[in-house]
Amino acid sequence: MTVAVDMGERAREVVAHTEHYVRAFNDGDAALVNSMYTPEAVAVWEPGQPLTGQARADYVIEYLSRRPKIHTTTRQSYVTTDTALLIVDWAIATTDDTGAPELLTGVGVDVLRRGDDGHWRYAVDDPYGDSGE
């Protein structure tokens with residue numbers, strides 16, 4: 001079930017941002033994926049191991065080199081003037097370190113900010129937000 005406090009233009013922009021992210025991710029476009037984060041964004045792609053700055057950007061490049069495919073469903077969306085909170089179910093089909101197929105799933109908690117240029121960007125990306133770590 002998707003819940004939205006504001007179904008106005010900004011809420012639609014946040015949903016569109018997520019759809020754009022999925023396309024860039026599935027296309028393996030690390031530069032575009034990285035542009036969808038604020039410069040100081042925190043990403044927790046390994047539970048309990050937050051990454052920021054160049055380490056976060058490098059992780060995206062390395063991870064997308066495996067050609068993973070992601071599917072997302074927005075569960076909840078809360079949008080204020082320039083900040084959004086998303087709760088997202090996701091599944092990624094990828095390979096593990098040995099090359100064997102692997103399916104990862106989770107419930108992500110994402111905080112986005114709308115920049116002066118009107119673009120939404122992830123400020124906090126925690127795909128395992130429901131793990132308690």
Side-chain angles (χ1 to χ4, degrees):
M1 175 173 97
T2 299
V3 176
V5 172
D6 171 9
M7 285 307 295
E9 183 61 29
R10 294 205 176 170
R12 286 188 289 278
E13 291 171 359
V14 171
V15 171
H17 172 85
T18 302
E19 293 167 355
H20 192 58
Y21 180 91
V22 167
R23 281 192 302 276
F25 186 101
N26 287 340
D27 288 346
D29 190 338
L32 183 54
V33 168
N34 277 323
S35 76
M36 300 175 97
Y37 289 85
T38 64
E40 70 282 356
V42 175
V44 191
W45 295 312
E46 300 288 334
Q49 298 179 25
L51 296 174
T52 61
Q54 192 61 48
R56 184 199 48 75
D58 290 346
Y59 187 94
V60 169
I61 294 166
E62 188 280 323
Y63 191 75
L64 292 185
S65 73
R66 295 182 184 195
R67 307 300 293 168
K69 300 299 179 196
I70 190 171
H71 173 76
T72 66
T73 303
T74 300
R75 187 187 287 192
Q76 296 176 33
S77 172
Y78 302 101
V79 181
T80 67
T81 306
D82 64 354
T83 305
L85 171 67
L86 297 177
I87 309 298
V88 179
D89 294 318
W90 59 269
I92 296 176
T94 189
T95 56
D96 65 16
D97 291 336
T98 68
E102 182 175 43
L103 180 64
L104 305 170
T105 61
V107 179
V109 177
D110 299 321
V111 177
L112 293 88
R113 282 201 318 249
R114 188 170 189 260
D116 292 338
D117 61 1
H119 291 267
W120 289 93
R121 291 180 181 86
Y122 294 101
V124 179
D125 181 2
D126 187 357
Y128 297 99
D130 68 333
S131 71
E133 291 188 37

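For the atom pair M36 CE and F25 CZ, the distance stands at 12.0 Å (nearest 0.5 Å). Rounding to the nearest 0.5 Å gives a distance of 8.5 Å between OH of Y59 and CD of Q49. The NZ atom of K69 sits 10.0 Å away from the OG1 atom of T94 when rounded to the nearest 0.5 Å. Once rounded to the nearest 0.5 Å, the distance linking CG of L112 with OH of Y21 reads 10.5 Å. Here the OG atom belonging to S35 is positioned 6.5 Å from the NE2 atom belonging to H20, to the nearest 0.5 angstrom. To the nearest 0.5 angstrom, L51 atom CG is 9.5 Å from D58 atom CG.
With hydrogens and angles ignored, the 3.5 Å screen pairs a side-chain donor or acceptor of D96 with a backbone N or O of T98. In terms of modelled atom types and a separation under 3.5 Å, the side chain of H17 and the main chain of W120 share a donor-acceptor contact. No donor-acceptor pair under 3.5 Å is formed between the side chain of W90 and the backbone N or O of T105. Side-chain atoms of S65 come within 3.5 Å of backbone N or O of E62 as a donor-acceptor pair.
With hydrophobic clusters built from ILVMFWY side chains whose heavy atoms lie under 4.5 angstrom apart, V15 does not share a cluster with L32.
For the residue pair R75 and V107, the shortest heavy atom distance occurs at NH2-CG2, 3.4 Å. Scanning both residues, A84 and V14, for their nearest heavy atoms gives CB-CG2, 3.8 Å. What you find for A123 and R113 is that their closest heavy atoms are CB-NH1, 4.0 Å. Across all their heavy atoms, I70 and V22 have their closest contact at O-CG1, 3.8 Å. When every heavy atom of L103 is checked against every heavy atom of A91, the shortest pair comes out as CD1-CB, 4.3 Å. Nearest heavy-atom pair, T81 versus R114, reported as atom, atom and distance to 0.1 Å: O-CD, 4.3 Å.
Applying the salt bridge (charged side-chain N to carboxylate O under 4.0 Å, His left out) test to R121 and every residue at least two apart in sequence or in another chain returns D117.
Inter-residue side-chain proximity for W45 and Y63 is flagged as unmet; no heavy-atom pair is nearer than 4.5 Å. Residues D110 and V88 have side chains in contact (heavy-atom distance under 4.5 Å, counting atoms from C-beta outward).
A donor atom on one side chain and an acceptor atom on the other are found under 3.5 Å apart for R56 and N34. Inspection of the Q76 and Y78 side chains reveals an N or O donor paired with an N or O acceptor under 3.5 Å.
Results of the side-chain contact (heavy atoms from CB on, under 4.5 Å) test with L86 over V79, D125, T74 single out T74 as the only residue that passes.
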Exercise for review: List the steps and the verdict of side-chain contact (heavy atoms from CB on, under 4.5 Å) for L64 and V33.
Suggested key: CA-CA 10 Å; L64 292 185; V33 168; 3.9 Å; yes
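Look at D97 and R66 and you find a salt bridge, because one of the NZ, NE, NH1 or NH2 atoms lies within 4.0 Å of a carboxylate O, short of that distance.
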